[in-house]
Novice: 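I'd like to ask you about the structure that follows.
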Amino acid sequence: MVDEQERQLPIANVGRIMKQILPPSAKISKEAKQTMQECATEFISFVTGEASDKCHKENRKTVNGDDICWALSALGFDNYAEAIVRYLHKYREAEREKANQNKGTSTQDTRDEESNHESEEHTEQRQVGSTSNPSEFRVLEKGKSSFTKPS
């Protein structure tokens, strides 16, 4: 029984997903959650098995998103396949943007540090040669990102 439970999606997650589609006043029985849990697990296994067979025939060890889309279509779930292809495209686009932002942030951080260092040296030189004491503050916001997962 433990092996069977480890193989399935957590029942709390299944229940949460089911609740999202139902009216707020609706109730879901334990039996309904368990039935849906079993169905979801079987569906995932069915599609993944088909994708895995394709990979095996192509001498590949890794199942990727394109393989899942292909399997959905091959199994007659064309509507799902089309939706997942769109999701996969948006997901990959968001991941590319995230990677580019990280590269840009890293490069910008280096430039900002160099600029701050030069600015500090310049301020120190001005302070030595003048009676005024201008303070320069530069606020950097790190960790800000507009990245959102595709819906």
Novice: Tell me every residue that passes side-chain hydrogen bond (donor to acceptor under 3.5 Å, both in side chains) with Thr48, counting only those two or more places apart in sequence or in another chain.
Specialist: none
Novice: With sequence neighbours excluded, give me every side-chain hydrogen bond (donor to acceptor under 3.5 Å, both in side chains) pair touching residues 58-71.
Specialist: Lys54-Glu58, Lys54-Asp67, Glu58-Arg60, Arg60-Asp67, Asp66-Arg92
Novice: Linking Ile, Leu, Val, Met, Phe, Trp and Tyr through side-chain heavy atoms less than 4.5 Å apart, which residues share a cluster with Val85?
Specialist: none
Novice: Under the ring-ring contact (aromatic ring centres under 6.0 Å, His included) definition, can you give me all pairs with a residue in residues 7-41, not counting sequence neighbours?
Specialist: none
Novice: Applying side-chain hydrogen bond (donor to acceptor under 3.5 Å, both in side chains), can you list everything that pairs with Asp53, at least two apart in sequence or on another chain?
Specialist: none
Novice: Would you mind listing every ring-ring contact (aromatic ring centres under 6.0 Å, His included) that reaches into residues 15-34, with sequence neighbours excluded?
Specialist: none
Novice: With rounding to the nearest 0.5 angstrom, report the SG to CD distance, Cys55 to Glu50.
Specialist: 11.0 Å
Novice: Tell me, please, which residues at least two apart from Glu31 pass side-chain contact (heavy atoms from CB on, under 4.5 Å).
Specialist: Ser29, Thr35
Novice: Looking only at non-hydrogen atoms, find the nearest pair between Ala71 and Ala51 and report the distance.
Specialist: CB-N, 3.7 Å
Novice: Would you mind listing every salt bridge (charged side-chain N to carboxylate O under 4.0 Å, His left out) that reaches into residues 15-26, with sequence neighbours excluded?
Specialist: none
Novice: Supply the members, apart from Leu75, of the Ile/Leu/Val/Met/Phe/Trp/Tyr cluster built from side-chain contacts under 4.5 Å; use none for a lone residue.
Specialist: Phe43, Phe46, Val47, Val63, Ile68, Leu72, Phe77, Tyr80, Ile84
Novice: Tell me who clusters with Leu88, hydrophobic residues only, linked when side chains sit under 4.5 Å apart either directly or through other members.
Specialist: none
Novice: Using the side-chain contact (heavy atoms from CB on, under 4.5 Å) criterion, which residues pair with Leu22? Sequence neighbours excluded.
Specialist: Ala26, Ile28
Novice: Okay, side chain of Gln37, backbone of Leu9: is any donor-acceptor separation there less than 3.5 Å?
Specialist: yes
Novice: Please name the pair of heavy atoms, one in Ala81 and one in Cys69, separated by the smallest distance, quoted to 0.1 Å.
Specialist: CB-O, 3.6 Å
Novice: Can you establish whether the number of heavy atoms outside Met36 located under 6.0 Å from its atom CE is more than 12?
Specialist: no
Novice: What residues join Ile11 in its hydrophobic cluster, counting side-chain heavy atom gaps under 4.5 Å, either direct or through other members?
Specialist: none
